[in-house]
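Labels below follow one simple rule: chain letters A, B, ... track the order of the sequence lines, proteins then strands, and each chain is numbered from 1. If you're wondering where the values come from, they're calculated on a predicted model, not measured in any experiment.
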Amino acid sequence: MAPTSTDNALVRVRGLHFGFGRRVIFDGMDLDLRRGQVTALMGPSGTGKTTLLRLIGGQYRPHRGSIAFDGQDVHRLSRAKLLELRKRMGIMFQNGALLTDLSVYENVAFPLREHTRLPESMIRDLVLLKLDAVGLRGARHLFPDQLSGGMARRVAMARAVALDPALVMYDEPLTGLDPISMGVAMRLIRTLNDALGLTSIIVSHDVPETLSISDYAYIVSNGKVVAAGTPEQVKSSGSEWAQQFLKGQPDGPVRFHYDNSDYGADLMRKALA
Amino acid sequence: MQSRALELLVGFFFCLGVAAIFILTFKVASVNGVGSGPAYRVVATFENIGGLKNGSAVTLAGVKIGRVRDIVIDRATFEARATLEIAAEYDNIPKDTIAKILTAGLLGEQYVGLEPGGDEQSLKDGDTIRLTQSAVVLENLIGQFLAGKAQEGAK
Amino acid sequence: MKKAIDILAEFLRGVGQAQYFLAATLAATPRALAKPHLIAQQIYSVGVLSMVITVISGMFIGMVLGLQGYRTLVGFGAEESLGVFVALVVVRELGPVVTALLFAGRAGSALTAEIGLMRATDQLSAMEMMAVDPMQRVVAPRFFAGFVAMPLLAAIFCVMAIGIAGGYAIGVELLGVDAGSYWSQIRAQVEMDDIWNGVVKSLVFGAVVSWIAVFQGYHAAPNSEGVSRATRNTVVMSSLAILALDFVLTAFMFKID
């Protein structure tokens, strides 16, 4: 299942092993994010999709394996180099993770103020440009607690692209949005990617919506990629597991029951105790 | 952000706090630097120091000019040797000054009172005050008083 | 038995983490100072917003001390010493201690809740991913602001308690102690050392409360229960730390005096 073409990859994950304590999250995972493409990473909750984004960003260290960003091994960099590298990544967290003590405008301006010495007029132009791209130029004076979930995520998108990064990572951009906001968010991810020449990765379990805008998709389970390819290839994948996930069947390789010990035996044990 | 108002309030808070510290320093504490500025030390030996303690005041004409820094027993004479720390600005205290242990009020704290003599030379760091008067111990005083009465009665 | 060892190990680990966290905070402080507007904002939220409660508490403590002191002293005919009594108690003990307890309840808990919420809503992670060090941007300014604000609050508290609105109001205005002797007795008996001891205490308390507060917030479990537990921990641990440290510092200060 390993991807075949790797020439054009901005991010290259090879043989990734990672876990929390005894819980294994990734068990030899390979993955490529190709330049200019929108890549979807799908799988059920708890498969470490968000963890992968943090590994790419260098917040966690892999136990084994490597993650290369534009040819640089993320986890061999010095702290200063890593921070430099992060300026080339934008990330949108699940609920936006806007800084609650700053206005919408200041949230988008935040990375610019922290990392550049641009004059105020230039910052204003850039911020308004990004906010306009997500359709929230008029909301710039609001504070995060005055925004709806969909608006907060759009602001977070504007912030993620504020520094014109090479890679933008979306962590569950659609969860909990109403259908209209969902459609808006999906279209935005695609247009931002194409208009700004980005590389994007969407981590999600909203199957049809995510597949509809991705160029390439990975389905992960138990720390490994179980299906990969274009949306069409994934949909027709032979993996029993991928089929269960895509079609949302309650039972299959992923068991409905958490613990599969025999029910009758369990009842007997209790009776004896 | 209304940063102007915020800065104003922070500035106000800061000034108020600093002003409070100044009030405490100048209005509440005795600011004439005794015990903190430069000082010199002299030694005075007493037969009995009564209730004198480390940190007790040293006064001249009722004005506090220093404090007691150390009290030890002289192993040869069994007298108490008190080290007095006196603010450096009072550098012309005559050498034959008398050090008395006095009591503030009837039951108050004991302190060292200096009574200047007439010597041309002044006390310097490390000098010893030769003329001293010990603490008045109330029991001794009462004893003397009773003895005096007894003598009167015998006459 | 094994459980007891686990609890002990967990405790020691927490202590170690807190030490490491303090070192990291101090290391981040110089760069945080390069952005004074952030510090100003934090001084506003820990200092200015704690001022009202400090002032009011100072007044009441001063008035109570005035009443209690008067009742005791008047029996010895020593009510002239009321000022000294109030001033020494307030400057040496109650000023720093009560202010620190109020500070822990008002500012410390708010700091913890704020940082814990930033943790729970991924704001801290988001900063890290934007190549902004949260230690420098979030923790250090708050810690520093607490350290600076505490002595100022304690001083304000002392002035309120001793002065016009506190002990003075009760002693002089209400009970008829002579105003001149109220002040002159204070000035004769309170030493500069007493003031400095109070300042040192409040600096230590400010640092400790801020340290506990930012640590608890930063290491709060990222959910609403974790934040509420961290907030409670801050208030409980700060209060205990203040009282225990007050004893240690007082014993130490009597020794060197």
Side-chain angles (χ1 to χ4, degrees), chain B residues 1-39 52-59 61-71 83 85 87 103-111, chain C residues 36-51 54-55 58 76-78 81 83-84 86-88 90-91 95 145 148-164 183-196 198-199 202 254-257:
Chain B
M1 236 188 312
Q2 324 84 341
S3 58
R4 237 182 80 83
L6 184 130
E7 279 158 16
L8 207 80
L9 279 168
V10 171
F12 172 71
F13 167 66
F14 222 87
C15 293
L16 206 68
V18 171
I21 291 181
F22 266 87
I23 290 173
L24 288 178
T25 335
F26 290 105
K27 184 93 182 158
V28 173
S30 40
V31 80
N32 47 350
V34 174
S36 50
L52 202 67
K53 288 190 297 288
N54 257 356
S56 293
V58 175
T59 64
V63 178
K64 187 171 170 186
I65 60 164
R67 53 169 66 186
V68 177
R69 270 302 176 201
D70 188 35
I71 299 172
T83 306
E85 191 173 81
T103 308
L106 192 59
L107 298 166
E109 274 196 68
Q110 296 199 293
Y111 62 97
Chain C
H37 68 280
L38 287 180
I39 309 259
Q41 193 157 18
Q42 292 314 317
I43 290 183
Y44 173 78
S45 54
V46 300
V48 176
L49 294 182
S50 306
M51 221 159 69
T54 305
V55 165
F76 300 102
S81 300
V84 195
V86 175
L88 282 183
V90 164
V91 168
V148 173
M150 234 318 275
L152 299 179
L153 287 172
I156 292 173
F157 180 97
C158 291
V159 169
M160 291 316 293
I162 301 168
I164 303 298
W183 286 118
S184 66
Q185 287 268 349
I186 289 181
R187 297 191 59 169
Q189 302 273 334
V190 179
E191 302 273 345
M192 210 41 222
D193 280 1
D194 294 319
I195 309 269
W196 283 127
V199 171
S202 55
F254 273 143
K255 204 142 225 167
I256 57 171
D257 215 29

Exercise for review: Heavy-atom distances under 4.5 Å only: say whether B:Phe12 touches chain C with side chain, backbone, both or neither.
Suggested key: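 For B:Phe12, side-chain heavy atoms alone lie under 4.5 Å from chain C.
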Review point. Side chains of B:Leu24 and C:Ile162: does their closest heavy-atom pair fall under 4.5 Å?
Key: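 Contact flag for B:Leu24/C:Ile162 side chains = yes.
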Review point. With a 4.5 Å limit on heavy-atom distance, are the side chains of C:Val46 and C:Leu153 in contact?
Key: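 Contact flag for C:Val46/C:Leu153 side chains = no.
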Check your understanding: What's the shortest heavy-atom distance between C:Ala155 and B:Ile21, and which atoms?
Key ->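 The answer is CB-CG1, 3.5 Å.
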Check each atom of [X] against the heavy atoms of chain B and say whether the ones under 4.5 Å are side chain, backbone, both or neither.
| X | answer |
| --- | --- |
| C:Val84 | neither |
| C:Ile195 | side chain |
| C:Ala149 | both |

Exercise for review: First locate atom CG of B:Leu6, then atom OG of C:Ser45, and finally report the distance between them rounded to the nearest 0.5 Å.
Suggested key: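 So the gap between those two atoms works out to 8.5 Å.
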